Amino acid sequence: MSVKERVISGGIAGYRWLEHRLGLIQPLTQAAEHPTPSNSASWWYVFGSAATVLLILQVVTGILLALVYSPSANEAWASLQVLNHNIPLGWYLRAIHGWGSDFMVAIVLIHMMQVFLFGAFKFPRELTWIIGVGLLVLTLGMAFTGQVMRFDQDAYWGLGIGASIASRVPLVGAPLVHLILGGPILGAPTLSRFFALHVFVIPGILIGAVGLHVWLVLFHGVSDWPMPGRLVRKSTYELQYHELTEKTGLPFVPDAAWKDAMFAAAVILAVLACAFFFGPFGPTGQPDPTIIQTAPKPDFAFLWIYAVLAFLPPEIETPVMLVVPVLAIAAMLLLPLFAGEGERHWARRPVAVLMLTVIAVSLGIFTHLGTYTPWSPIMSAWTSDPVPPKYLRGRGPLEHQGALVLQDKQCRDCHSLDGAGGLRGPALDDIASRMTEDQIVRQVLQGGGNMPAYGNALNPSETKALVSFLTTLRGDNLAPAVDASRTLTRNP
Amino acid sequence: MSILLKHPGESSNDDLPPEGKAAAHSRRTFLFQLSLALNGAVGIVLAIPLIGYLLGPAMKKSSTVGAWLKLGSVDDFPVGETRLTDFQSPVASLGDGETAKVACWVRHISPRQFQVFAINCAHLGCPVRWFAQSKLFLCPCHGGAYYEDGARASGPPERGLFEYKYKIAGGSLMIHAGDMPTLATEASCDKKRLIQIDGAETAS
Ligand code: FES
């Protein structure tokens, strides 16, 4: 026997020894080679496996970070500085974990949209979808608790926002707040509980649920490519699917899996590239609640919630905050039970496509708004953005005084001039072509329409000066606003 | 499962007669049910302390939490001004570090009259900032605004700022602090001033 033959026969003997004791290699190989309809070996079917690969990346990098991270309120922030600056490649590990999280949320959402659009949640894959909804919630839970791990100013005030939302639950609000915080204030017990959630509880459930999800995919087979007019019927679908795989089936590995593997590699590479070029997220300022010069903002995945919270009118805010998330999750869970049969192709499901578009566009818009928070006053605008000289040219002393008042009374924090200043209130560049002098006086003194009243903060001469300046702001020399009733009463 | 293992019924190496098998079977079934009941009972005995431990922090009555503490000398706060100050939370726990510090706004109205506002916005708890010139508290998160007396001015908050109870003892300003103020945990705050609906007057 040559050396080569001996090595081969030794290898085979070793495999037999192991499989005889383990008993897993054969069934796993069979599962990997399970036949999948040739039409679903598509680039559209790669998102689920990419999400799983990202989860593995997150687990590995998470464990590595836990080697250094200190989950204690008085050390967490400093231990992140150590990771960023003192531990070789610590910054890179943090960056991979942070970007991996953003990618994972994105890929899970894309996977869900694809499954929804392809009607792949219908019979017999209802439970696969339901567990998938759970996986989405768990992924978002990981993203939120992960943001808390950063334990910087954003994390501190973000937790405060979470507790304040919980405080609005009727009857059990106070116990719920204490349960979240782990005590009367936000501090060491709070971070410890979110650490336990982030590294033990949620990942444990997540990994178990992913296992179940994958098992269901194997059990029912990868869903076939939807065809317009080919309806899902509980009585016939499984037979048809069986015939389809009989006729066109390909072994999942390697005939379909090469696309999954390629895409997963591309995604991981993208995470690594983002991590390398853009670096880790934060930490922002230290979690000292007495440093109030801060504008807390949640991570990317939650910006849309942040925006929605700014727009809800106070009267309906609590019910909307507490009821809508429950309804939304319930609707997703119940979807396959109510739409478990029928047409799968998107071209024959206009309502589904419309719904998805509306939801995606609104999430996109709210997220975009969340990136520049037009509703927040720019707290430094009154000292940093001077009145543009062109608005002072040709004005008299009273108007100049008015411009000073405008600046001094922090009007610019909410109102912009020439594109600089807050966006909370309307820009003032052409205010006099929209409001008459009387209307401006009334608005300034009494407020209204989301503007505080300044009657207490302005004396009559300041008001007079301010209004006389504002009445000169007519954009590109538009006509001044006029009160139609006045001309009527003056010239009967 | 190895291919060599057989399910009972498939196997033939059981030499009990059918009646004996059935009798033994029903006895074992009973024992199994008994063991289930036993484990259920043990489970309850185990679960009670676990749940008690978990819910411990939630069970504390808000009104019992907190203490009076000195915020500073009355002279530290000039009459007519609103100033930022901070204190060490009386309910801090081990390892809180900087998070045990609490900031608040002190408004000195007249020699013996104060208002001490929580830093937390009544909307969702972000830190509000005071602007003396426009006499407004502004919130950075969603643009809530409050007047100098803490009443809601505009934006998402549905009520005025939270206020701490205060008293003046021997020339120093004392406040009662405990829970982080939220809509549900305002026990250490001054109840009578809490109901400040839009435009309502406060004692000042
Ligand atoms: S937290 Fe202050 S406005 Fe939302």
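Below, all heavy atoms of this structure are taken into account, side chains as well, without hydrogens, waters or symmetry copies. Note that this is a predicted model, so its numbers are computed, not measured. Here is how names work: the chains are called A, B, and so on, in the same order as the sequence lines, proteins then strands, and each is numbered from 1.
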- Between the side chains of B:S134 and A:Q410, is a donor N or O closer than 3.5 angstrom to an acceptor N or O?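 The answer is yes; a qualifying pair exists.
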Counting only non-hydrogen atoms closer than 4.5 Å, does [X] touch chain A with its backbone (N, CA, C, O), its side chain (CB onward), both, or neither?
X: B:L183; answer: both
X: B:L55; answer: both
X: B:V91; answer: both
X: B:L84; answer: side chain
X: B:C121; answer: neither

Contacting moiety of [X], where chain B heavy atoms sit under 4.5 Å:
X: A:Q293; answer: both
X: A:F311; answer: neither
X: A:S192; answer: neither
X: A:L181; answer: side chain
X: A:A166; answer: neither

- Using the ring of each side chain (for Trp, its six-membered ring), is B:H108 parallel, tilted or perpendicular to B:F114, with breaks at 30° and 60°?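 Rings of B:H108 and B:F114: parallel, as their planes differ by under 30°.
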- Given A:R424, which of A:N450, A:T373, A:D413 fulfils the side chain to side chain donor-acceptor pair (under 3.5 Å) condition?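 That would be A:N450; it is the only one of A:N450, A:T373, A:D413 passing the side chain to side chain donor-acceptor pair (under 3.5 Å) with A:R424.
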- Does A:K409 make a cation-pi contact with A:W382 (under 6.0 Å, within 45 degrees of the axis)?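 Checked: cation-pi criterion not met.
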- Query: Does the ring center of A:W77 lie less than 6.0 Å from the ring center of A:F151?
  - Reply: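 No: the rings miss the under 6.0 Å criterion.
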